Amino acid sequence: MSLSKVFDIAASGMSAQSVRLNVTASNLANAGSVSGDPANVYRARQPVFSTISNGLSNRSGVAEVRLAGVIESATPIERIHQPGNPDADEEGYVYASNVKIVEEMVNMLSASSSYANGVEMINTTKDLLLQTLSLGR
Amino acid sequence: MKIQQFAQHVQALQIREQRNEVIASNIANADTPNYKARDIDFNAALRGAQAGQLNGQLQMTKTSAGHSDSIGVGNAGTKTEFRTTTQPSLDGNTVDTDVEQAAFAENAVQYRAALTFLNGQIRTLHLALKGSD
């Protein structure tokens, strides 16, 4: 039953997108965090997707999505002078996370619409399968 | 009515199924770097499937003169091609989600159409066998 493979494909895409939503959520939650040690500052994270392709699926065009990994942003960290902050180092500086809130919001919208696409694909395919099952009745 | 008349719609359904998978893969991989969108040329695939049937590639072995020709089931003629993209993105991804969504919807409608044709033929056969509704 070839149609039911669509469920796997859509599900792989949806699970990848939900990881992306999770990562975005933790980025946004940590957007305002500061630290006295530049090594411990929260850095924005970003999932990287890749395609599961074996010889057969390469030819047939069927491709599921896989999470290749989560990378940390290399954007420089901001150094802010805040002598009153309990986390500040000896010179009175704290280091702020490099999360860009606008970027994360865009990521969130993109991830949620891709997730919705997956749901729509599953619904349409389910309809088609059910109609096929009732063929000839 | 010959049973072979089913074959065309069955083949169409199978190619539509495969195209559904390919387009679903495109939509699922809309955010995957370096993924290249693919599609199936339905007309070429159907011609390929019919040619395969005519060449006897997909025929079952007949062991008695009373056996009828098998209707073509199989996907010998289906191959995917890369979609020509209008706006490739920097990460090497060529999926245009709107194009893929339109293609997915169109394919689903055509699948339903093929199902409707098949249902009509089945109903006609039923009517012929029973003589009344």
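Naming convention: chains lettered A, B, ... in sequence-line order (proteins, then strands); numbering from 1 in each chain. Bear in mind the structure is a predicted one, so any value in this text is a computation, not a measurement.
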Self-check item: Side chain / backbone / both / neither for B:Gln101 at chain A, heavy atoms under 4.5 Å
Solution: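 For B:Gln101, the contact with chain A is made by the side chain alone.
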Practice problem: Can you tell which part of B:Thr116 gets under 4.5 Å to a heavy atom of chain A, answering side chain, backbone, both or neither? | Solution: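 Neither part, no heavy atoms under 4.5 Å.
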Residues [X], [Y]: salt bridge by 4.0 Å N-O rule:
X: A:Arg20; Y: B:Asp31; result: yes
X: B:Glu100; Y: B:Arg83; result: yes
X: B:Glu106; Y: B:Arg19; result: yes

Quiz item: Applying the 4.5 Å side-chain criterion to the ILVMFWY set and letting contacts propagate, would A:Leu109 and A:Met14 be lumped into a single cluster?
Solution: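 Different clusters.
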Practice problem: Go through the side-chain N and O atoms of A:Tyr42 and A:Asn27 and say whether any donor and acceptor fall under 3.5 Å apart. | Solution: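 A pair is found: one side chain offers a donor N or O, the other an acceptor, under 3.5 Å apart.
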Exercise. Could you verify whether a donor N or O on one side chain and an acceptor N or O on the other, from B:Asn29 and A:Thr51, lie under 3.5 Å apart?
Key: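 Side chains of B:Asn29 and A:Thr51: pair found under 3.5 Å.
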Quiz item: Does A:Arg66 count as lying over the ring of A:Phe49, i.e. NZ or CZ under 6.0 Å from the six-ring centre, within 45 degrees of the axis?
Solution: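 Geometry flag: not set, cation outside 6.0 Å or 45°.
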Exercise. Determine the option with the most heavy-atom pairs under 4.5 angstrom with chain A, choosing from B:Ile27, B:Leu13, B:Asn34.
Key: B:Ile27
Self-check item: Those residues of residues 70-86 of chain A, ordered by number, that approach chain B below 4.5 Å (heavy atom to heavy atom)
Solution: none
Practice problem: Could you walk me through whether A:Ser50 and B:Tyr35 pass side-chain hydrogen bond (donor to acceptor under 3.5 Å, both in side chains), step by step? | Solution: CA-CA 8 Å; A:Ser50 73; B:Tyr35 178 84; over 6 Å; no
Practice problem: Between chain B and each of A:Val48, A:Asp8, A:Leu135, count heavy-atom pairs under 4.5 Å; write down the option with the most. | Solution: A:Leu135
